[in-house]
Undergrad: 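Pasting a structure below so you can have a look.
Quick caveat, the model's predicted, so the values are computed rather than measured. Values below: every heavy atom of this structure, side chains too, minus hydrogens, waters and symmetry copies.
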Amino acid sequence: MTAETSTRRRSPGSGARRILLLYVIVRLAIVDDPELGPLGRDARRRRLRAFAERGKSGLVVQFLVLGAAFFVLDVLPGLAIENWVAEDRRELVSSILVSAKNPTVIAFTLVWMVGVARQMILSGGPGEAAASSAGPGARG
């Protein structure tokens, strides 16, 4: 399946649906979370930056795992169809695969990435995670 074919098949509004899904996931996992919501946007950003500076190896591992998932769930099925499915049936099999794969893989990827960001924020900056988990007034 070429890039031109997959672009042509994308339904109108799929980008808007993905943005809406991302908004809902971020809202549920971060903004409305009783532990993270009260921090405010600036504190969450500071925590993200702090984690990114000291936790680079963890981020690399997350992206490697996500890359492996992409390979297994996207590249391998495409290669299997190309090599093992008769040419006259490839379009049908590709369509079935895409109709099942796209909603699940895209949603899974968005949930995964927001989950990574959520864990980064929870980890906080140096000393912040321990203080926030100990409760209000733990450091005085």
Undergrad: Does any N or O in the side chain of R90 come within less than 3.5 Å of the main-chain N or O of V85, such that one atom is a donor and the other an acceptor?
TA: yes
Undergrad: Counting N and O atoms only, with roles assigned by atom type, does the side chain of D74 sit under 3.5 Å from a partner on the main chain of F70, one being a donor and the other an acceptor?
TA: no
Undergrad: Quick check: is V105 connected to I25 through a chain of hydrophobic side chains (ILVMFWY, heavy atoms under 4.5 Å apart)?
TA: no
Undergrad: Can you see which heavy atom on F71 is nearest to which on P77, and at what distance?
TA: O-CD, 4.4 Å
Undergrad: Roughly how far apart are R49 CZ and M120 CE, rounded to 0.5 Å?
TA: 10.5 Å
Undergrad: Do V65 and F63 share a hydrophobic cluster, counting only Ile, Leu, Val, Met, Phe, Trp and Tyr and linking them when any side-chain heavy atoms are less than 4.5 Å apart?
TA: yes
Undergrad: Quick one: OG1 on T109 to CE on M113, what's the gap to the nearest 0.5 Å?
TA: 8.5 Å
Undergrad: Less than 4.5 Å apart, side chain to side chain, heavy atoms only: is that true for R44 and L48?
TA: no
Undergrad: Would you sort out whether L122 and R118 count as a side-chain contact (heavy atoms from CB on, under 4.5 Å), showing the intermediate values?
TA: CA-CA 6 Å; L122 284 170; R118 184 178 189 285; 3.0 Å; yes
Undergrad: Could you state whether V61 and L59 fall into the same hydrophobic cluster, counting links through intermediate Ile, Leu, Val, Met, Phe, Trp or Tyr residues with side-chain heavy atoms under 4.5 angstrom apart?
TA: yes
Undergrad: What distance do N102 atom CG and R18 atom CZ have between them, rounded to the nearest 0.5 Å?
TA: 6.5 Å
Undergrad: Atom CG in L64, atom OG in S57: separation rounded to 0.5 Å?
TA: 11.0 Å
Undergrad: Could you state the interatomic distance from CG (L39) to CD1 (I121), rounded to the nearest 0.5 Å?
TA: 8.0 Å
Undergrad: What's the verdict on side-chain contact (heavy atoms from CB on, under 4.5 Å) for Q62 and W112, showing C-alpha distance, side-chain angles and the deciding distance?
TA: CA-CA 9 Å; Q62 289 295 322; W112 183 311; 2.8 Å; yes
Undergrad: Where is the tightest heavy-atom contact between I81 and S94, given as atom of each residue plus distance?
TA: CG2-OG, 3.6 Å
Undergrad: About how many Å separate OG1 of T104 and CG of L73, when rounded to the nearest 0.5 Å?
TA: 7.5 Å
Undergrad: For residues F108 and V111: do they belong to one hydrophobic cluster (side chain heavy atoms under 4.5 Å, members Ile, Leu, Val, Met, Phe, Trp, Tyr)?
TA: yes
Undergrad: Does one hydrophobic cluster hold both V114 and V24, with members joined at side-chain heavy-atom distances below 4.5 Å?
TA: no
